[in-house]
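Dumping the structure here so I can ask a few things about it.
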Amino acid sequence: MKFKSKEHEQFFYTLVNSYKNNDTYHLSLFYTLGIDKDCRYHINELYNKKNDSIIISGLNQPWQTSGSDLTTRLAFNLWNGYTQDGYENESTPSELFACEYAPYFFEAVKMRYPEYCKEQPYRKNTGKER
């Protein structure tokens, strides 16, 4: 697993260790929100630990930057498929992955869907059919 920074890694493991249900939904949410420093700082405006739910209004907070907005959108989508009404085009791969966080976003997708993201062995194409 790749982490953007030590802070990202510490944030992730702190949340994972403090929460009892570490399924792929929680792991990908915690990992994704930890990528961006603003999301880490404002985690209580994005995730309600007591109710175990995302806080949709977190998308509209004045502290959101272009990077934290992309991070929040992907995290919420991985959590439950959420896309904001009227802003669905901002949750497409071409919007979300066109940023410096893309390598970490791929890690989050692999974390959320491990059954579909198993590494396939590399086979050299010899041009011969098998």
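Nothing here was measured: the structure is a model prediction, and the numbers come from that model. Position 1 is the first residue of the sequence; numbering continues from there.
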Nearest 0.5 Å, what's the CD-CG distance between Glu45 and Asn60? 11.5 Å
Report yes or no: does Gln64 contribute a side-chain atom to a donor-acceptor pair with the main-chain N or O of Asp69 at less than 3.5 Å? yes
Which distance, rounded to the nearest 0.5 Å, do you find between the CD1 of Ile35 and the OG of Ser68? 12.0 Å
Give me the atom names and distance for the closest heavy-atom approach of Thr71 to Asp36. OG1-CB, 3.8 Å
For the atom pair OG1 (Thr72) and CG (Asn77), what is the distance rounded to the nearest 0.5 Å? 12.5 Å
Test side-chain contact (heavy atoms from CB on, under 4.5 Å) on Glu95 and Tyr87; report intermediate values, then the result. CA-CA 11 Å; Glu95 291 296 321; Tyr87 295 91; over 6 Å; no
What is the minimum heavy-atom distance between Asp23 and His26, and which atoms define it? OD1-ND1, 2.6 Å
Could you tell me whether a side-chain N or O of Arg112 sits under 3.5 Å from a main-chain N or O of Leu78, the two making a donor and an acceptor? yes
No-hydrogen, no-angle side-chain donor-acceptor test under 3.5 Å, Lys49 and Ser18: yes
Quick check: closest heavy atoms across Leu74 and Phe105, and the distance to 0.1 Å? CD2-CG, 3.3 Å
Any donor-acceptor N/O pair, Glu107 side chain to Pro103 backbone, under 3.5 Å: no
About how many Å separate OG of Ser53 and CG of Leu46, when rounded to the nearest 0.5 Å? 11.5 Å
Measuring from Leu15:CG to Leu33:CG, what's the distance to the nearest 0.5 Å? 8.5 Å
Closest non-hydrogen contact found for Asp38 with Trp63 is O-CZ3, 3.8 Å
Kindly determine whether Trp79 and Thr32 satisfy side-chain contact (heavy atoms from CB on, under 4.5 Å), including the steps that lead there. CA-CA 10 Å; Trp79 176 257; Thr32 308; over 6 Å; no
Strictly distance-based, threshold 3.5 Å: is any side-chain N or O of Glu88 a donor or acceptor partner for the main-chain N or O of Gly86? yes
Do Lys37 and Glu7 have side-chain heavy atoms sitting under 4.5 Å apart? no
Apply side-chain contact (heavy atoms from CB on, under 4.5 Å) to Glu100 and Lys4, showing your working. CA-CA 10 Å; Glu100 67 178 292; Lys4 185 173 186 311; 4.0 Å; yes
Between Ser91 and Thr83 the two heavy atoms that sit nearest each other are CB-CG2, 3.8 Å
Look up atom CZ in Phe30 and atom CZ in Arg40, then write down how far apart they are to the nearest 0.5 Å. 15.0 Å
Picking from Tyr13, Phe3, Tyr101, what satisfies ring-ring contact (aromatic ring centres under 6.0 Å, His included) with His8? Phe3
I want to know whether Tyr31 and Tyr104 have ring centres closer than 6.0 Å. no
Run the side-chain contact (heavy atoms from CB on, under 4.5 Å) test on Phe97 and Leu70 for me, step by step, so that the C-alpha distance in whole Å, both residues' side-chain angles and the decisive distance to 0.1 Å come before the verdict. CA-CA 8 Å; Phe97 286 81; Leu70 294 173; over 6 Å; no
Determine whether Ile54 and Tyr41 fall in the same hydrophobic cluster, where Ile, Leu, Val, Met, Phe, Trp and Tyr are linked whenever their side-chain heavy atoms lie under 4.5 Å apart. no
Taking a hydrophobic cluster as the set of Ile, Leu, Val, Met, Phe, Trp and Tyr residues connected by side-chain heavy atoms closer than 4.5 Å, whether directly or through intermediates, do Leu29 and Ile55 fall within one such cluster? no
